[in-house]
Number of protein chains: 2
Amino acid sequence: MLLSHTSQYAIQSLVYIALHGDDGPLLSREIAARLGVPSAYLAKILQSLCKGGLLISHRGRLGGFSLSESPDKMSLMRVINITEGAGFTKECLLGLKVCSDETACPMHPIWKPIKERIMQMMESQNLTTVADAVREGKYRLTDLPGSLCPEMETVK
Amino acid sequence: MLLSHTSQYAIQSLVYIALHGDDGPLLSREIAARLGVPSAYLAKILQSLCKGGLLISHRGRLGGFSLSESPDKMSLMRVINITEGAGFTKECLLGLKVCSDETACPMHPIWKPIKERIMQMMESQNLTTVADAVREGKYRLTDLPGSLCPEMETVK
DNA sequence: TCAAAAGCGGACATAAATATCCTGAGTTCT
DNA sequence: AGAACTCAGGATATTTATGTCCGCTTTTGA
């Protein structure tokens with residue numbers, strides 16, 4: 001509801017790369033398979049994350065995608081800004097064209113603090129904090145059994 | 001982002017009816033014009049709100065739509081349940097198939113309290129509280145100038 | 001009784017998000 | 001150099017949400 005599939009796939013992929021990308025680039029195809037997400041579509045998303053400066057792509061043999069910088073420098077807000085567009089932070093609950101503090105919709109005073117908390121969460125959470133939560137073992141990234149175990153057989 | 005256009009139109013319409021529906025049913029066409037929303041589309045939405053039990057429709061001359069019960073008994077959650085479907089309260093931030101307290105996604109512990117607050121807001125706010133906020137004059141329902149003034153000339 | 005008014009509901013149209021396909025360009029290993 | 005591999009990116013397809021159209025039924029007032 002809050003995030004599009006595109007954003008969800010993007011976050012999942014980046015966290016996956018943060019977890020498993022230490023010894024070289026990861027294949028788009030492999031990431032898609034691990035996350036159980038359409039491969040060709042994910043390829044487009046990874047492309048846009050490259051343009052957005054979060055990923056670096058490598059072509060040819062041993063190619064793939066790797067993070068452009070330290071994962072703890074990449075907040076979820078940076079990801080969302082790329083995948084949802086910059087308007088994300090400005091939208092009104094009731095969909096009014098203009099809804100600022102001055103000309104507010106009737107939900108504004110109730111919605112505003114909640115929205116701020118959402119933004120704060122997106123700013124404070126980054127690829128490392130999420131990846132750590134996964135590594136702890138308490139939380140999952142995907143539905144696929146063992147999808148986060150490096151010892152699982154390689155995707156063909 | 002959080003709510004679809006359909007839900008936004010639905011809430012706006014219901015509040016409009018709560019504000020102006022005291023002396024008889026209101027026309028779908030008039031509501032749409034006041035809110036600046038596509039008329040034929042809104043008609044469908046009002047229809048589904050009838051099926052959902054929030055509105056009563058009246059055909060023929062002097063027909064239109066009126067609330068089925070007291071506006072303070074209609075929480076926004078009731079509206080959203082009709083327009084977004086029941087899954088709304090269960091969705092995961094990262095889009096995982098199953099994301100409960102037991103098998104949680106990595107965002108779960110951060111997202112859960114925020115989500116609960118959103119639900120709480122939707123439960124506690126009802127057509128009367130929102131309508132009152134509009135009546136106070138501090139907040140708007142629409143972008144149309146004077147859209148909430150009954151003395152504005154009738155929509156033809 | 002009849003015409004006008006209003007919602008009903010099915011069919012259709014458009015737009016945006018999601019998903020797929022294919023060819024080309026860059027890279028690496030032999 | 002050549003073969004195998006991988007991303008780039010344009011074209012296309014599918015799905016879902018949104019939006020439109022029109023003939024039908026119901027209701028009311030002249």
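Chain letters run A, B, ... following the sequence lines, proteins first, then strands; residues in each count from 1. What you see is a predicted model, and the numbers here were worked out from it, not measured in a lab.
Counting all heavy atoms, side chain and backbone alike, A:M74 lies closest to A:L54 at CE-O, 3.2 Å.
In this pair, A:H5 and A:Y9 present their aromatic rings parallel. The plane angle is below 30°, not in the 30 to 60° band.
Atoms NE2 (B:H5) and P (D:dA17) sit 13 Å apart, rounded to a whole Å. When the C1' atom of C:dA5 is taken as reference, atom NE2 of B:H58 falls 15 Å away, rounded to whole Å. Between A:I31 atom CD1 and D:dC7 atom P there is a gap of 8 Å when expressed in whole angstrom units. For A:R59 and D:dA3, the CZ to P distance is 20 Å, given to the nearest whole Å. The nearest whole Å value for the distance from the CZ atom in B:R61 to the P atom in D:dT26 is 18 Å. In this structure, NZ of B:K44 is placed 10 Å from P of C:dC8, rounded to the nearest angstrom. Separating the CD1 atom of A:I45 from the P atom of C:dT20 is a distance of 11 Å, rounded to the nearest angstrom. Taking atom CG of B:L3 as the reference point, atom P of D:dT18 lies 11 Å away to the nearest angstrom.
When distances run from any side-chain atom of A:Y9 to the nucleotides C:dA19, D:dC5, C:dG7, the shortest one goes to C:dA19. The listed nucleotides are D:dT18, D:dT20, C:dT20; the one nearest the side chain of A:P38 is C:dT20.
Look at A:S57 and you'll find a side-chain N or O under 4.0 angstrom from OP1 or OP2 of D:dA8. Phosphate proximity of C:dA6 to B:S28: absent, as no side-chain N or O sits under 4.0 Å from OP1 or OP2. Regarding contacts with the backbone of C:dG7, every side-chain N or O of B:Q47 stays at 4.0 angstrom or more from both OP1 and OP2. Residue A:T6 places no side-chain N or O under 4.0 Å from the OP1 or OP2 atom of C:dA17.
Backbone-only engagement by B:L27 is indicated by non-hydrogen atom pairs under 4.0 Å involving sugar-phosphate atoms exclusively.
For the pair A:L62 and A:L42, both in contact range of DNA chain C, the more 5′-proximal nearest nucleotide belongs to A:L42.
Side-chain atoms of A:Y139 and B:C105, non-hydrogen and from C-beta on, never get closer than 4.5 Å to each other. B:L14 is not listed as a side-chain neighbour of B:L76, based on a closest heavy-atom distance of 4.5 Å or more. Between B:F65 and B:L49 there is no side-chain heavy-atom pair separated by less than 4.5 Å.
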